[in-house]
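A short worksheet on the structure shown next.
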Amino acid sequence: MDAQTVNFTVSYQRTSHSYTLPLSTTVGALKEAIAERTGVHQNLQKLLFKGVLKDNDTLANARITDGTKVLLMASKEQDILHVVEAPSRASLESSGADLTAGAEKPRMFADEAHAKVLRRGKPDYAMDPSAATISESPRTPLPALGVVGANQRGMKTRLSFRADTQELQIATAERTQKVAFTGISRILAEDMPLVDAKGERIEEGGASGYAAVGIQIGTTDKSVLWFYWIPSHFVESMKDAVFGAFPSARFLLDRIMNA
């Protein structure tokens, strides 16, 4: 074999694709080759081998050698469209999603399932929404130990977005649930209203600095996991942690949801 080429495989959806390419090939060029074979656009691909491979790196720089197995994590454009189009309008409205740019937003906390969260009041363990230093960017780095909030049962919950394993870890005192980033179709967010010490809603006075965050792991509103008392400035970073490596997918979702 030519010393300047390398034989390796790319694993995607239980199928292994074999490649023989020059070591000088960039990861970006590899993604183009993968797109031709799998139908997954290169902008929707994430390649993993001892970490996430960068487009500008060559196969040599990425330490790809004979026999290396590279993992492809990706979503096809039609799958993204299916996830967005599958729920009915009623389902989307009940989840608090924006259906049109100018439409009046549903009052999420008028729903009993969410209203009872307010009646419990803010838990003592809730993170201080003003504790982080806010820059001009809406992105505030996520804490290394995760973001703490409450789940729908009122239990303390830690959300850890793991870049190394590409998964979300949802930890409570009872158990830890792991969800692959590729299994998350949407992240919703709704500002939580101000409440008094008894958990009674204060109609005036502005937002509380906290958000209710819904993480959708299926195609219906029943598959949305809601978490409360999440500092609002973490919301965009949570979305970036999951969708940031798929800019085209994020753009496609935002375009459809705001059409």
Just by modelled atom types, is the [Y] backbone N or O under 3.5 Å from a matching donor or acceptor in the [X] side chain?
| X | Y | answer |
| --- | --- | --- |
| Asp66 | Asn7 | yes |
| His17 | Thr9 | no |
| Tyr210 | Met127 | yes |
| Arg158 | Leu145 | yes |
| Gln42 | Ala35 | no |
| Glu36 | Ala33 | no |
| Thr157 | Met155 | yes |

Practice task
Give the intermediate values and the outcome of side chain to side chain contact (heavy atoms under 4.5 Å, CB included) for residues Trp226 and Ile215.
Solution key: CA-CA 6 Å; Trp226 284 100; Ile215 298 177; over 6 Å; no
Completion exercise
Only one of Thr68, Thr25, Ile34 passes side-chain contact (heavy atoms from CB on, under 4.5 Å) with Tyr19, and that residue is Ile34
Exercise for the section: Decide yes or no for Met238 and Val213: does some side-chain heavy atom of the first lie under 4.5 Å from some side-chain heavy atom of the second? Expected result: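 Side chain of Met238 against side chain of Val213, heavy atoms only: contact under 4.5 Å found.
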Problem - Residue pair Asp191 / Ser232, side-chain heavy-atom distance below 4.5 Å - result: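 Heavy-atom side-chain distance check passes, below 4.5 Å.
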Handout entry: Those residues that, when tested against Arg162, pass salt bridge (charged side-chain N to carboxylate O under 4.0 Å, His left out) (two or more places apart)
Key = Asp164
Practice task
For Arg153, check side-chain hydrogen bond (donor to acceptor under 3.5 Å, both in side chains) against everything at least two apart and list the hits.
Solution key: Glu174
Practice task
Tell me yes or no: between the side chains of Thr58 and Asn61, is some donor less than 3.5 Å from an acceptor?
Solution key: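 There is such a pair (donor and acceptor under 3.5 Å, judged by atom type) between the side chains of Thr58 and Asn61.
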Handout entry: Inter- and intrachain pairs under salt bridge (Lys or Arg N to Asp or Glu O under 4.0 Å), touching residues 19-31, at least two apart
Key = Lys31-Asp55
